[in-house]
Peer 1: 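Handing you this structure, nothing more for now.
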Amino acid sequence: MGHFTYRFANSAARLCYIVEDPEEHCQKVAADLRLSLLEGNIHILDLVGGTGAASSAMLCTIADLRSQNVLPMLPLNVAITAADVSEDALTIYNEMLAEISPALSAAGINVLVNLERWNALDVASTSALCDKYLASIVYGEILVMVSALSGIGKQGIEDVARSFMHVSERISNRPSTFAWIEPHNNSGWDFLNRVATRIFGPSHWFTDQTPESIRASFRWRHLLQTDNNVISGGVSLRMYKRYGG
């Protein structure tokens, strides 16, 4: 559990940083996520979820904040639908969640995971995924997560844009949140911004700041506990949008 919560590297680090918001760069987003993960039922759709680093890091960070009495120890039921094209990645995703589930349970967080093979390039596959995901929800909030998509390149992002648009349309009439989180990277910023605007409209930014000033603020230097190396990190919240409240 400590690996996911404290090892600031790759996708895990980005979710830890946003949820904890140590320098108060994204107060609204951090407050929204903490509120969504405070108690009750939440249904997470982890798109292009890979091996689950982002969702694991987010839940472990919430558990850690509970253990430090920053957040109350209230019952929280988390249903995760992990969607990816790779069966191997989904197998690792499931194994990692199973490994940390006892620690999460000790913090009052109960997790169920559903694995779904999903072709992000195929809107029909996306529609079927949404049908199954939404049918499983009786009540509770929806959180759709996308993390580190920029690794597939510009053409790949263009190809999956229609699938993301379909997901955003399907959840727009329910209490839900869509968060797209990427590594801090100067290259491709304008392109990704255009893609996000095409999918979600021009009003997807969560503060009055410009995208450039938001991007520049999400940086840190961290001492890794495992080997005492100091690394630089960064995160860009490419899109954040809440529906229904």
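Positions are given from 1 along the sequence. Atom set for the values below is all heavy atoms of this structure, side chains included, hydrogens, waters and symmetry mates excluded.
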Peer 1: With a 4.5 Å cut-off on side-chain heavy-atom distances among I, L, V, M, F, W and Y, is there a chain of contacts connecting Leu112 to Leu76?
Peer 2: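 Hydrophobic grouping puts Leu112 apart from Leu76.
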Peer 1: Distance from Thr126 atom OG1 to Leu47 atom CG, nearest 0.5 Å?
Peer 2: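 The distance works out to 8.0 Å.
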Peer 1: Does His43 reach the main-chain N or O of Ser136 with its side chain, forming a donor-acceptor pair under 3.5 Å?
Peer 2: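 Such a contact is absent between His43 side chain and Ser136 backbone.
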Peer 1: Find out whether Thr81 and Ile44 are in side-chain contact, i.e. whether some heavy atom of one side chain is under 4.5 Å from a heavy atom of the other.
Peer 2: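 Not touching, per the 4.5 Å side-chain cut-off.
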Peer 1: Yes or no on side-chain contact (heavy atoms from CB on, under 4.5 Å) for Leu134 and Ile142, after CA distance, side-chain angles and deciding distance?
Peer 2: CA-CA 9 Å; Leu134 293 173; Ile142 290 172; 3.9 Å; yes
Peer 1: For the residue pair Gly108 and Met73, what are the closest heavy atoms and their distance?
Peer 2: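 Closest heavy-atom pair between Gly108 and Met73: N-SD, 4.2 Å.
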Peer 1: Can you check whether Val167 reaches Cys130 side chain to side chain, under 4.5 Å on heavy atoms?
Peer 2: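 When only atoms from C-beta onward are counted, Cys130 and Val167 do touch, with a gap below 4.5 Å.
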Peer 1: Should Leu33 and Leu35 count as side-chain neighbours, where that means a heavy-atom distance under 4.5 Å?
Peer 2: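 In short, these two side chains do not touch, never coming nearer than 4.5 Å.
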Peer 1: Using 0.5 Å steps for rounding, measure from the CE atom of Met145 to the CD1 atom of Ile80.
Peer 2: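 Rounded to the nearest 0.5 Å, the CE-CD1 separation comes to 8.0 Å.
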Peer 1: Hey, is the main chain of Arg170 close enough, under 3.5 Å, to the side chain of Ser172 for a donor-acceptor pair?
Peer 2: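 Looks like no, no N/O pair under 3.5 Å.
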Peer 1: Between the side chains of Ser55 and Tyr93, does any donor sit under 3.5 Å from an acceptor?
Peer 2: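 The criterion, which ignores hydrogens and geometry beyond distance, is satisfied for Tyr93 and Ser55.
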Peer 1: Please report the interatomic distance CD1(Ile100) to OG(Ser105), rounded to the nearest 0.5 Å.
Peer 2: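 Those atoms lie 12.0 Å apart.
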Peer 1: Minimum heavy-atom separation for Ala120 to Ser163, with atom names?
Peer 2: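 Reported closest heavy-atom pair: O-OG, 2.7 Å.
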Peer 1: Do Met58 and Leu74 belong together in a cluster built from hydrophobic side chains that touch within less than 4.5 Å?
Peer 2: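 As far as the 4.5 Å side-chain criterion goes, Leu74 and Met58 are not connected within one cluster.
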Peer 1: Can you name the nearest heavy-atom pair linking Leu104 to Leu59, along with the distance?
Peer 2: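 Reported closest heavy-atom pair: CD2-O, 3.6 Å.
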Peer 1: Can you measure from NZ (Lys132) to CD1 (Ile137) and round to the nearest 0.5 angstrom?
Peer 2: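 The CD1 atom of Ile137 is 13.5 Å from NZ of Lys132, to the nearest 0.5 Å.
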Peer 1: Treating Arg66 as the side-chain partner and Leu38 as the backbone partner, does any N or O pair qualify as donor plus acceptor under 3.5 Å?
Peer 2: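 At least one qualifying donor-acceptor pair exists.
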Peer 1: Any chain of hydrophobic side-chain contacts (each under 4.5 Å) joining Leu45 to Val85?
Peer 2: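 Per the 4.5 Å side-chain linkage, Leu45 and Val85 are not co-clustered.
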Peer 1: Taking Val123's backbone N and O only, do any of them form a donor-acceptor pair with Ser127's side chain (distance below 3.5 Å, no angle check)?
Peer 2: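 Here the side-chain-to-backbone pair does not exist.
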Peer 1: Could you check whether His166 and Arg162, counting side-chain N and O atoms only, form a donor-acceptor pair closer than 3.5 Å?
Peer 2: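 Note: Arg162 and His166 side chains miss the donor-acceptor criterion.
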Peer 1: Do Tyr243 and Pro175 have side-chain heavy atoms sitting under 4.5 Å apart?
Peer 2: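 Not touching, per the 4.5 Å side-chain cut-off.
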Peer 1: What are the two closest non-hydrogen atoms of Ser56 and Leu97, and how far apart are they?
Peer 2: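 Minimum heavy-atom contact is OG-CD2, 3.2 Å.
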Peer 1: Asn94: what forms a side chain to side chain donor-acceptor pair (under 3.5 Å) with it, not counting sequence neighbours?
Peer 2: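 Expected list: none.
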Peer 1: So, using salt bridge (Lys or Arg N to Asp or Glu O under 4.0 Å) as the criterion, who are the partners of Asp84 when residues are at least two apart?
Peer 2: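 Once residues adjacent in sequence are excluded, Asp84 has no partner under the salt bridge (Lys or Arg N to Asp or Glu O under 4.0 Å) criterion.
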Peer 1: Would one find more than 12 heavy atoms of other residues, nucleotides or ligands at under 6.0 Å from atom CD of Glu99?
Peer 2: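 No, the 6.0 Å shell around CD holds no more than 12 heavy atoms from other groups.
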Peer 1: Which distance, rounded to the nearest 0.5 Å, do you find between the OH of Tyr240 and the NZ of Lys28?
Peer 2: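 Taking OH in Tyr240 and NZ in Lys28, the distance rounds to 5.5 Å.
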Peer 1: Given side chains that start at C-beta, do those of Leu90 and Asp88 come closer than 4.5 Å, heavy atoms only?
Peer 2: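 No - every pair of side-chain heavy atoms lies 4.5 Å or more apart.
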Peer 1: Can you give me the closest heavy-atom contact between Thr51 and Met96, atom names plus distance?
Peer 2: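 For Thr51 versus Met96, the nearest heavy atoms are O-CE, 2.5 Å.
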Peer 1: Would you say that Asp46 contacts Val146 through its side chain, given a criterion of any heavy-atom pair below 4.5 Å between the two side chains?
Peer 2: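 No, too far: nothing below the 4.5 Å cut-off.
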Peer 1: For the residue pair Lys241 and Thr177, establish whether any side-chain heavy-atom pair is separated by less than 4.5 Å.
Peer 2: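 Not touching, per the 4.5 Å side-chain cut-off.
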Peer 1: I need the minimum non-hydrogen distance between Val48 and Trp118, along with the two atoms involved.
Peer 2: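 Here Val48 and Trp118 meet closest at N-CZ3, 3.4 Å.
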Peer 1: Are any of the side-chain nitrogens in Arg242 or Glu141 under 4.0 Å away from the carboxylate oxygens of its partner?
Peer 2: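 Between Glu141 and Arg242 there is a salt bridge, with a charged N closer than 4.0 Å to a carboxylate O.
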Peer 1: Quiz question: by atom type and distance under 3.5 Å, do the side chains of Tyr133 and Glu116 form a donor-acceptor pair?
Peer 2: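 On atom types as modelled, these side chains do not qualify, holding no pair under 3.5 Å.
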Peer 1: Using the side-chain contact (heavy atoms from CB on, under 4.5 Å) rule, take Leu15 and Thr61 through it: C-alpha gap first, then chi angles, then the decisive distance, then the call.
Peer 2: CA-CA 8 Å; Leu15 266 296; Thr61 302; over 6 Å; no
Peer 1: Between the side chain of Asn110 and the main-chain N/O of Asn77, is any donor-acceptor distance below 3.5 Å?
Peer 2: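 No, the answer is negative, given that no donor and acceptor are paired below the 3.5 Å cut-off.
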Peer 1: Going from OG on Ser36 to CD1 on Ile42, what distance comes out if it is rounded to the nearest 0.5 angstrom?
Peer 2: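 That separation rounds to 5.0 Å.
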Peer 1: Is a side-chain N or O of Ser176 found less than 3.5 angstrom from the main chain of Ile171, in a donor-acceptor match?
Peer 2: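 Here the side-chain-to-backbone pair exists.
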